[in-house]
Amino acid sequence: MTNAKSIFISYRRLTSIDITGRIYDRLVAHFGENSVFKDVDSIPFGVNFRHHLEQEVSRCPVLLAIIDLQWLGVTDDRGRPKLANPADWVRVEIEAALRRDRLVIPVLVGGASLPEDAALPEGMRGLVHRQSAVVRCDPDFHRDLDRLIHRIEGVFSSLAFGSAPSTPSSLPAPSLPTPSLIDELAAALATANKTAQESAIRPMGRRRWLRLAGLGLLGGGTAMAVRQQVPALQTLTPGEVSKAMPALATLPDRIQNALAQGEGAALTPAPEPLDVETPALEPPGPATPDPEIPSLGASDSGELYSYESVTVDEFGMGRSQVKFSTPAHKALRLETPIGPVTLRLVSIVGGQFVLGAPATEPGHDPLQPTQTIAAVESFWMSVHPITQGEWRAVAQLPAVNRELDPNPAYFTGNDRPVEQVTWQEAVEFCDRLNQLVETHPDQPGLRRYRLPTEAEWEYACRAKTTTPFHTGQTLTTELANYNGTQPYRQEPVGQFRGTTTAVGAFGKANDFGLYDMHGNVLEWCSPSRDASLGDVWRVVRGGSWQSPPQQCRSAYRVGRKADTRSNEVGFRIVGEAVQS
């Protein structure tokens with residue numbers, strides 16, 4: 001199988017052949033027969049069984065591990081667990097996929113759940129930290145397969161590696177080489193390094209090597225171009241200025257007329273009244289009306305939402321840069337007297353994941369809750385923290401429970417995140433949107449807005465990763481706004497900006513298309529989807545512009561009083577298609 005968009009299905013024939021067959025048929029109908037590998041019967045006679053399986057896995061970016069209720073307890077003829085045998089073909093398949101960092105999706109069928117770490121061989125333990133998909137029997141089977149296919153489509157779309165913007169300083173983003181090509185490149189690099197060491201005029205120190213690798217001039221680090229998006233300023237043309245202020249356009253003539261009138265006054269005892277263009281001084285039309293309340297618009301244009309994500313190693317060097325495109329996004333458009341304000345949300349497909357951090361993760365607090373497997377339903381989330389421009393537009397809407405200051409932020413800027421808002425005020429922001437939606441029952445789009453729960457926030461932040469950050473083993477100040485003066489691992493010392501930055505300014509999102517999940521501002525969360533306004537304490541997530549990297553991890557959480565106002569704390573919102 002040579003198709004780059006291929007799916008490997010790992011399953012037990014004895015226990016899950018029927019449901020696997022139905023899953024296989026659906027996948028073949030959608031992706032094509034040449035894109036799905038399922039049966040060992042297709043292995044040619046005489047070949048090395050283990051080698052062939054590993055080779056097939058290496059060619060498939062996605063492996064589905066079908067797990068039923070008996071998957072863990074299947075034994076051989078002697079009563080020994082099959083997974084204890086290193087030659088067991090299910091074990092060979094999954095270990096090969098995990099070792100090659102393929103997307104491994106545990107598919108839970110028949111009411112099964114993920115096994116515990118200790119129940120699996122060491123090479124398979126990474127399986128329990130992967131987000132799982134549940135496939136139920138009818139009448140839910142096809143709905144569950146639709147969700148699974150949607151997730152796989154997202155992986156295949158990520159295989160279209162893009163290049164950075166065509167500026168003089170940007171380098172194209174490379175595609176990921178195959179494992180065999182990696183070995184060849186490693187051998188070639190070793191030979192080149194040996195030759196360079198023998199003939200070098202001066203030795204290459206570690207600092208110089210890292211610098212050249214970061215520029216993409218040496219192997220060991222993928223060249224990574226960080227795109228900074230500068231928000232465009234709203235401009236007025238000269239014609240618009242004259243239209244907005246008609247008297248200003250005639251100011252030079254009026255000054256000249258006034259001077260001439262002043263000179264004539266000294267010579268003429270009783271001058272005629274001066275014509276100073278009275279019509280220009282009078283309002284050109286009816287008096288300016290009071291500011292209008294913003295009106296609602298929703299967009300499902302079908303245009304693709306495109307973004308890029310980056311993964312770095314413990315040295316902060318780029319390992320991969322992936323371009324995504326998805327039609328699953330919505331734009332909530334508010335028409336205001338000062339122009340339209342658009343709030344964008346992207347679809348997050350629900351699933352299971354491991355909530356929290358392992359005790360071995362740098363920065364882990366033993367007082368934090370232990371890791372647990374959590375599940376979330378599908379939802380929509382704003383692609384970045386709520387900006388000051390979005391806040392100001394919603395603050396013009398009629399109050400529901402409390403008044404809102406239209407300009408609460410300490411660091412001002414329309415494209416910067418709003419901060420210095422309490423948890424109750426963030427809830428009021430959502431309530432006003434909901435009230436506006438109710439007044440437009442025929443308007444397409446989401447029907448309810450709220451703050452994310454902690455589980456939803458962490459699930460969205462991780463975006464299928466299990467590392468401390470969605471960027472990988474560490475974070476750099478080229479990718480996020482935080483206090484980088486104390487490195488998290490072995491990355492270079494970063495900068496401390498001392499202020500918020502425009503949302504999305506670093507040009508890199510996570511795999512779900514969300515920006516600024518690490519740093520910039522901490523974000524309010526709710527303990528549940530319908531939390532009481534009376535509770536005193538709330539949790540914030542994500543770190544801020546002055547947080548050290550340990551406090552920007554996906555699992556980091558800290559409590560704040562609900563009435564806290566801080567220039568570190570903002571929020572983002574979640575949307576639901578049907579109001580519950």
Show your working on side-chain contact (heavy atoms from CB on, under 4.5 Å) between L148 and D146 and close with a plain yes or no. CA-CA 5 Å; L148 180 60; D146 288 340; over 6 Å; no
Test F324 against F512 for ring pair (Phe, Tyr, Trp, His ring centres under 6.0 Å), laying out the working first. CA-CA 9 Å; F324 293 86; F512 284 164; 9.2 Å; no
Kindly indicate, with the supporting measurements, whether the criterion salt bridge (charged side-chain N to carboxylate O under 4.0 Å, His left out) is fulfilled by R565 and E425. CA-CA 10 Å; R565 291 187 188 279; E425 289 171 340; 2.6 Å; yes
Determine whether E523 and W457 satisfy the following criterion, side-chain hydrogen bond (donor to acceptor under 3.5 Å, both in side chains), listing intermediate values before the conclusion. CA-CA 9 Å; E523 299 177 11; W457 191 96; 2.8 Å; yes
Output, in order, the C-alpha distance, side-chain angles, deciding distance and verdict of side-chain contact (heavy atoms from CB on, under 4.5 Å) for W380 and V346. CA-CA 5 Å; W380 297 74; V346 67; 5.6 Å; no
After noting the C-alpha distance and the side-chain angles of T471 and V310, does the key distance pass the side-chain contact (heavy atoms from CB on, under 4.5 Å) rule? CA-CA 6 Å; T471 56; V310 165; 5.7 Å; no
So R151 and I105, side-chain contact (heavy atoms from CB on, under 4.5 Å) or not? Walk me through it. CA-CA 10 Å; R151 182 186 295 187; I105 303 177; 3.6 Å; yes
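Paired with L332 under the rule side-chain contact (heavy atoms from CB on, under 4.5 Å), one option of T342, L433, I573 passes, and it is L433. Of the candidates W423, Y449, W391, F429 forms a ring-ring contact (aromatic ring centres under 6.0 Å, His included) with just one, namely W391.
Remark: the backbone N or O of L397 is paired with a side-chain donor or acceptor of R432 at under 3.5 angstrom. In this structure a side-chain-to-backbone donor-acceptor pair under 3.5 Å is present from N434 to C430. When atom types are taken as modelled, the side chain of R102 and the backbone of A97 share no donor-acceptor pair closer than 3.5 angstrom. Proximity of a side-chain donor or acceptor of H470 to a complementary backbone N or O of A463 within less than 3.5 Å is not detected. In this structure a side-chain-to-backbone donor-acceptor pair under 3.5 Å is missing from Q551 to P548. Under the 3.5 Å distance criterion, the side-chain polar atoms of D516 are left unmatched by any main-chain donor or acceptor of H384. With hydrogens and angles ignored, the 3.5 Å screen pairs no side-chain donor or acceptor of Q550 with any backbone N or O of H364. Using modelled atom types, one side-chain atom of E428 and one backbone atom of N401 make a donor-acceptor pair closer than 3.5 Å. When atom types are taken as modelled, the side chain of S526 and the backbone of P452 share no donor-acceptor pair closer than 3.5 angstrom. Distance alone, capped at 3.5 Å, places no donor-acceptor pair between the N520 side chain and the A480 backbone.
G350 approaches Y459 most closely through the heavy-atom pair C-OH, 3.2 Å. Across all non-hydrogen atoms, the minimal contact from F353 to V376 is CE2-CG1, 4.3 Å. When all heavy atoms of T501 and P417 are compared, the pair lying nearest together is O-CD, 3.3 Å. Contact between T564 and W524 at its shortest, heavy atoms only, is O-CZ2, 3.8 Å. Closest non-hydrogen pair, T485 versus P487, comes out as O-CD, 3.7 Å. Taking each heavy atom of R136 and V134 in turn, the nearest pair found is CG-CG1, 3.9 Å.
A salt bridge links K508 with E308: the distance from a Lys NZ or Arg NE/NH1/NH2 to an Asp or Glu carboxylate oxygen falls below 4.0 Å. Between D140 and R143 there is a salt bridge, since a side-chain N of the basic residue sits under 4.0 Å from a carboxylate O of the acidic one. Checked for salt-bridge contact, R447 and E576 miss the test: no charged N lies under 4.0 Å from a carboxylate O.
Note that CZ of R572 and SG of C525 are 9.5 Å apart. Values are rounded to the nearest 0.5 Å. Here the CG-CZ distance, from L479 to F506, works out to 8.5 Å after rounding to the nearest 0.5 Å. Taken to the nearest 0.5 Å, the CG atom of N483 stands 5.0 Å off from the CZ atom of F496. The distance from the CG atom of L345 to the CG atom of L514 is 9.5 Å, given to the nearest 0.5 Å. The distance from the CZ atom of R497 to the OH atom of Y482 is 9.0 Å, given to the nearest 0.5 Å. How far CE of M381 is from SG of C461: 9.0 Å, rounded to the nearest 0.5 Å.
The distance between the ring centers of Y305 and H329 falls below 6.0 angstrom. Separation of the Y488 and F469 ring centroids falls under the 6.0 Å cut-off.
Here the side chains of L127 and P106 are in contact, with some heavy-atom distance below 4.5 Å. Residues R392 and Q388 are in side-chain contact: their nearest non-hydrogen atoms beyond the backbone lie under 4.5 Å apart. Side chains of I67 and V109 form no contact here, defined as non-hydrogen atoms less than 4.5 Å apart. Considering only heavy atoms from C-beta on, V558 stays 4.5 Å or farther from V539 through its side chain. Between V503 and Y515, the closest side-chain pair of non-hydrogen atoms is not below 4.5 Å. Looking at heavy atoms from C-beta onward, E568 lies in side-chain contact with Q546 at the 4.5 angstrom threshold. Using a 4.5 Å heavy-atom threshold, the side chains of I348 and S378 count as separate. The closest side-chain heavy-atom distance from R541 to Y556 is not below 4.5 Å.
Environment of CD in Q495: crowded, with over 12 heavy atoms of neighbouring residues, nucleotides or ligands closer than 6.0 Å. No more than 12 heavy atoms of other residues, nucleotides or ligands sit less than 6.0 Å from atom CD of E377.
For residues 343-362, the pairs satisfying side-chain hydrogen bond (donor to acceptor under 3.5 Å, both in side chains) are S132-Q352, E361-R553, with sequence neighbours left out. Every pair tested for salt bridge (Lys or Arg N to Asp or Glu O under 4.0 Å) that includes a residue from residues 108-120 fails, sequence neighbours excluded, so the list is empty. Residues in residues 479-492 take part in no salt bridge (Lys or Arg N to Asp or Glu O under 4.0 Å) pair, two or more places apart or across chains.
Judged purely by distance below 3.5 Å, without hydrogens or angles, the side chains of D511 and S309 pair a donor atom with an acceptor atom. In this model, a donor atom of one side chain and an acceptor atom of the other lie less than 3.5 Å apart for R416 and T499.
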